[in-house]
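This report concerns only the one structure given below.
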Amino acid sequence: MRKHLTLAVLGALAVTATVDVRPAEAQARCCVQFYDHQNADGNRDQIIDSFTKQINAMQLAIIEAMRLGTGQLTGNLREQSTARANMADVQDDRNVVGNIERARLDAIREAASGASSCNVITSASGGTLGAKITQAVAAQSKDIKDFNLGRNGMPSAQGTDMGIKARIDLHCSKFASPMDVSSGLCQSGGNSQMADANQSIAESLWYSEDGTTRTLSKERAEAARAYIINAVAPVPLGGLPENAARSQAGREAAAARMEAAARDSLPAAILSEQLARREGNYGGQSNGTGGNIENWAKETAKRVVGYSNTQFPNGVSWLDYFELRSKGFFFDTTQNVATQGSSAGQAIKDMGLAVQWMAYQNYEIWAQLEKTNATLATMLSIQQEQATGRSRVIR
């Protein structure tokens, strides 16, 4: 538009100059016979003046056009800058919104539980089995002590021989082998599947029906109790006759019985704990979510390599619970696959649960080491007695 304006101004100047020249040309034709220098000079001055004015006007028009063009260019640049600024603001707003949404999604993912969380939470009530173990150990240890010392109506109350007879009678009724019958020890055989189970730890205390579950049936648990008696108190001390400890010799015999009973109680408690850890709960323990430990064990076993067909027919003992939970961290294929798709936060949670379980395992290791130390200390005490000649034989 500015270019057209400039051309229009130049055209107008040219037309004006043409009109202004015409009177001078007419005057010259009237005086063709004479050359009028004054008239020519006047015409020249008029032409120069006219051209000068028109050129000045044209310059002003060009300057104005350039000024207007510069202003338009400035306006265009300002609009472009404003547009860029607006676009940057919009883009920045979208980036902020995107970052907020991304942070929200990340927070949701980080808040999600790890692959092992559900299994760990569901099985947490298995810890209640520990309280039952303590009670069972105390009861079993008391029975062994009573049998050894002939208390609370035990057959050994009538003496050592009656205690031994009671052991043999139990063996013949439940655990007799064909050799026991042929030798005359027993009148008839017991359950052929349980033959000599009270004499073998692998057939009683450490028995496993299918190689996976270690929970003992009621029959195997009874065989384990008989095994502990055979191992700890095969020849019970028996009850003391009335007034037997009134004499000096009687008091010495009573003191020796106390020594023997104290030392017998240590292996009795250790073996009783192993039995308690293998006894089933028969009905399950509520886990607070409407199920029980047996349901948890069966569902978990389906996912753990080597346990897919385990049914836990005798309930779930503490040892089965402990072993299944420990192996589940590595042999649970479903959980391991889910872990591969977990976020960093979920993976950290799974690691935390594993470390917490390891902390509990360390406690169990410490507890077993404590029992080992007690056993070693007792053995050392016996050796010291024998070495110094202070040992008293009461059997």
Side-chain angles (χ1 to χ4, degrees), residues 112-130 132-133 136 193-194 197 200-224 274-343 346-362 364-365 368:
S113 299
S116 61
S117 298
C118 181
N119 190 27
V120 171
I121 294 172
T122 305
S123 66
S125 61
T128 59
L129 297 175
K132 297 184 65 177
I133 290 175
Q193 295 182 348
M194 303 289 292
S200 171
I201 192 171
E203 294 295 321
S204 57
L205 187 59
W206 291 352
Y207 181 77
S208 176
E209 292 185 9
D210 55 6
T212 55
T213 175
R214 302 178 185 274
T215 303
L216 301 176
S217 64
K218 292 182 179 180
E219 294 77 16
R220 293 289 173 179
E222 187 175 7
Q274 291 196 17
L275 173 58
R277 290 177 183 273
R278 289 166 168 80
E279 289 186 292
N281 51 33
Y282 305 110
Q285 295 288 321
S286 173
N287 62 17
T289 59
N292 54 46
I293 297 300
E294 290 182 18
N295 289 340
W296 167 81
K298 291 177 181 179
E299 292 301 317
T300 301
K302 294 177 182 178
R303 305 189 302 269
V304 177
V305 176
Y307 283 81
S308 58
N309 296 322
T310 303
Q311 295 300 316
F312 303 97
N314 302 317
V316 178
S317 63
W318 181 93
L319 184 58
D320 273 342
Y321 165 77
F322 188 85
E323 186 172 351
L324 191 58
R325 280 284 288 108
S326 297
K327 290 184 176 180
F329 276 101
F330 184 76
F331 291 106
D332 188 338
T333 54
T334 303
Q335 176 178 306
N336 291 339
V337 171
T339 301
Q340 302 305 312
S342 300
S343 65
Q346 291 173 309
I348 292 174
K349 292 178 181 179
D350 286 333
M351 292 174 60
L353 292 172
V355 170
Q356 291 169 11
W357 182 251
M358 290 173 61
Y360 173 62
Q361 288 179 327
N362 288 336
E364 290 293 337
I365 293 173
Q368 298 307 314

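FYI, the numbering just counts along the sequence from 1. No hydrogens, no waters, no symmetry mates; every other heavy atom, side chains included, goes into these values.
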Worksheet entry | Test: Glu364 and Arg277 ion pair at under 4.0 Å | yes

Discussion item. To the nearest 0.5 Å, what is the distance between CD1 on Ile293 and CG on Asp320?
Written reply: 11.5 Å

Practice prompt. First locate atom CG of Leu275, then atom CG of Leu319, and finally report the distance between them rounded to the nearest 0.5 Å.
Written response: 11.5 Å

Worksheet item: Hey, what do you get for OG1 (Thr215) to CD (Glu279), rounding to the nearest 0.5 Å?
Response: 10.0 Å

Worksheet item: Would you say the side chains of Glu219 and Tyr207 form a donor-acceptor pair under 3.5 Å?
Response: no

Fill in: Minimum heavy-atom distance between Tyr321 and Val316, given as atom pair plus value
N-CG1, 4.1 Å

Fill in: Pairwise distance CZ(Arg214) to CD(Gln274) - rounded to 0.5 angstrom
11.5 Å

Worksheet item: When rounded to the nearest 0.5 angstrom, what distance separates OG in Ser326 from CD in Gln361?
Response: 4.0 Å

Worksheet item: Within a radius of less than 6.0 Å around CG of Asn309, do more than 12 heavy atoms belonging to other residues, nucleotides or ligands occur?
Response: no

Practice prompt. Would you indicate whether the side-chain heavy atoms of Phe330 and Val305 approach each other to under 4.5 Å?
Written response: no

Item to complete: Verify whether the ring centers belonging to Phe322 and Trp357 lie closer than 6.0 Å.
Response: yes

Worksheet item: Hey, are Glu222 and Lys218 close enough for a salt bridge, meaning a charged N less than 4.0 Å from a carboxylate O?
Response: no

Practice prompt. Just say parallel, tilted or perpendicular for the rings of Tyr360 and Trp318, cut-offs at 30° and 60°.
Written response: perpendicular

Practice prompt. Would you sort out whether Ser217 and Asn314 count as a side chain to side chain donor-acceptor pair (under 3.5 Å), showing the intermediate values?
Written response: CA-CA 5 Å; Ser217 64; Asn314 302 317; 4.9 Å; no

Practice prompt. Compare every heavy atom of Phe312 with every heavy atom of Ala301, then report the nearest pair and how far apart it is.
Written response: CB-CE1, 4.1 Å

Item to complete: Taking all heavy atoms of Ser204 and all of Ala197, pick out the closest pair and write down the distance.
Response: CB-O, 3.2 Å

Discussion item. Measuring only between side-chain heavy atoms, which start at C-beta, is Tyr307 closer than 4.5 Å to Lys302?
Written reply: no

Discussion item. With heavy-atom distances below 4.5 Å as the criterion, would you say the side chains of Met194 and Glu203 are in contact?
Written reply: no

Worksheet item: Strictly by modelled atom types, are Thr310 and Thr213 linked by a side-chain donor-acceptor pair under 3.5 Å?
Response: no

Discussion item. Between Arg278 and Leu205 (side chain of the first, backbone of the second, donor and acceptor by atom type, cut-off under 3.5 Å), is there such a pair?
Written reply: yes

